[in-house]
Amino acid sequence: MGSHRRLAPSGFDRGALCVLTAAAAALGAVATAVPATAAPHEDTRTEVDRLYEAAEKATEAFNEAGERAGVLRRQVGDAQDRIARKQERINGLREQLGSLAGAQYRSGGLDPSLALLFSDDPADYLDKASVLDRITTHQAGELKDLQDALRELAQERAEATRRLGDLEKSREAVEKHKRTVEQKLAKARQLLNSLPSAERAAYDRASRSGRSDLPGPEGAGAVSGRAAAALAAARSALGRPYVWGANGPTGFDCSGLVQWSYARAGVGLPRTSQAQAHAGRRVPLSQARPGDIVTYRSDASHVGMYAGNGQVIHAPYPGAPVRYDPVGMMPVSSVTRP
């Protein structure tokens with residue numbers, strides 16, 4: 001644990017900035033998406049769908065930025081721990097060197113030639129002086145190595161801290177835009193409420209795209225113990241609200257629900273829908289089993305869990321609770337079996 005290790009590259013400079021740029025773009029699109037006045041009913045439903053899709057993409061980008069921040073915080077903490085341990089070693093070496101220097105001064109304060117002249121045993125004096133010199137040289141060299149390592153670690157810590165600060169500033173900006181999006185989503189609910197009650201109820205019951213023409217699984221097949229446990233957890237969350245950036249237990253976004261459900265089954269999954277799409281073995285939709293992860297759209301920006309009988313459990317969008325919907329509600333990107 002005390003050995004020197006360089007901080008692992010976080011990929012922040014390119015990766016996180018791309019994520020945050022994508023989030024800002026999605027959020028900007030949302031901010032200008034709602035018209036000043038209510039459109040005809042069909043246009044209203046289309047506009048609400050567009051709002052929800054853009055907001056969901058922004059949410060997943062926000063989640064990824066948060067995950068990167070967590071990794072970076074751990075790296076900074078590890079660096080600080082290593083620095084503290086090395087500082088203790090340096091302090092101990094300094095004490096040892098101070099003791100050796102004092103002993104050398106007390107026993108060899110005279111000119112070496114005079115000390116040798118007055119020594120009772122010149123040969124013994126020479127042996128001791130040689131050993132003392134070798135010890136001092138060795139300790140000084142070791143101290144220099146540790147000081148160099150400490151300097152390098154301090155530089156890495158400063159750089160990691162700077163990166164963390166930059167990321168936190170960016171996250172604050174995303175939070176600010178998030179509040180704007182939430183206001184627009186509230187406007188979306190107002191638009192929905194402007195629909196006749198029958199149309200509004202139909203929209204709330206239906207999936208966002210209303211797609212039911214996509215092929216579904218032919219049979220449920222055998223379900224593993226952990227998949228069954230994850231599905232049971234997802235079912236226990238039915239009715240809980242969609243909450244921005246939340247992964248339970250009282251609220252969820254789409255990827256948060258899947259992550260939380262599998263965590264209840266003892267399986268760790270990544271935080272975002274895009275990463276969850278690669279967290280296991282890909283299978284065709286026709287072979288989906290309960291507990292499989294189903295991602296949607298070409299960018300895998302939405303995710304749910306296959307529940308059998310041609311349905312998924314998912315957290316749909318703000319204002320809609322965790323619920324069942326047809327597996328073909330949107331274009332399926334992939335089916336993954338953790």
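What you see is a predicted model, and the numbers here were worked out from it, not measured in a lab.
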Side chain of [X], backbone of [Y]: donor and acceptor closer than 3.5 Å?
X: Arg281; Y: Thr336; value: no
X: Asp253; Y: Gly245; value: yes
X: Arg282; Y: Ala277; value: yes
X: Gln259; Y: Leu269; value: yes
X: Tyr306; Y: Gly310; value: yes
X: Arg226; Y: Pro338; value: yes
X: Asn309; Y: Gln311; value: no

Test: ring pair (Phe, Tyr, Trp, His ring centres under 6.0 Å). Region: residues 253-293. Which pairs qualify, not counting sequence neighbours? Phe252-Trp260
Test side chain to side chain contact (heavy atoms under 4.5 Å, CB included) applied to Ile313 and Val322, step by step: CA-CA 7 Å; Ile313 296 177; Val322 175; 3.7 Å; yes
Do [X] and [Y] have side chains that approach each other closer than 4.5 Å (heavy atoms only, starting at C-beta)?
X: Val335; Y: Ile293; value: no
X: Asp292; Y: Val283; value: yes
X: Leu257; Y: Asn247; value: no
X: Val258; Y: Cys254; value: no

Quick one: closest heavy-atom pair of Pro316 and Pro321, and the distance?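 Taking Pro316 first and Pro321 second, the nearest heavy atoms are CD-O, 3.1 Å.
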Smallest separation among heavy atoms of Gly251 and Ala246, with atom names: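 Answer, listing the atom of Gly251 first, then Ala246: O-CB, 3.4 Å.
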Whether Tyr296 and His302 hold their rings parallel, tilted or perpendicular, with breakpoints at 30° and 60°: tilted
With rounding to the nearest 0.5 angstrom, report the CG to CE distance, Asp325 to Met330. 8.0 Å
Between Glu60 and Ser255, is any side-chain donor less than 3.5 angstrom from a side-chain acceptor?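 There is such a pair between these side chains.
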Between Gln276 and Arg271, is a side chain to side chain contact (heavy atoms under 4.5 Å, CB included) present by the stated rule, with each step listed? CA-CA 7 Å; Gln276 289 171 1; Arg271 179 62 180 89; 5.5 Å; no
Would Arg297 and Ser333 satisfy side chain to side chain contact (heavy atoms under 4.5 Å, CB included), going step by step from the backbone distance to the final call? CA-CA 5 Å; Arg297 306 192 190 102; Ser333 172; 5.9 Å; no
List the steps, then state whether side chain to side chain contact (heavy atoms under 4.5 Å, CB included) holds for Met305 with Val312. CA-CA 5 Å; Met305 183 183 298; Val312 291; over 6 Å; no
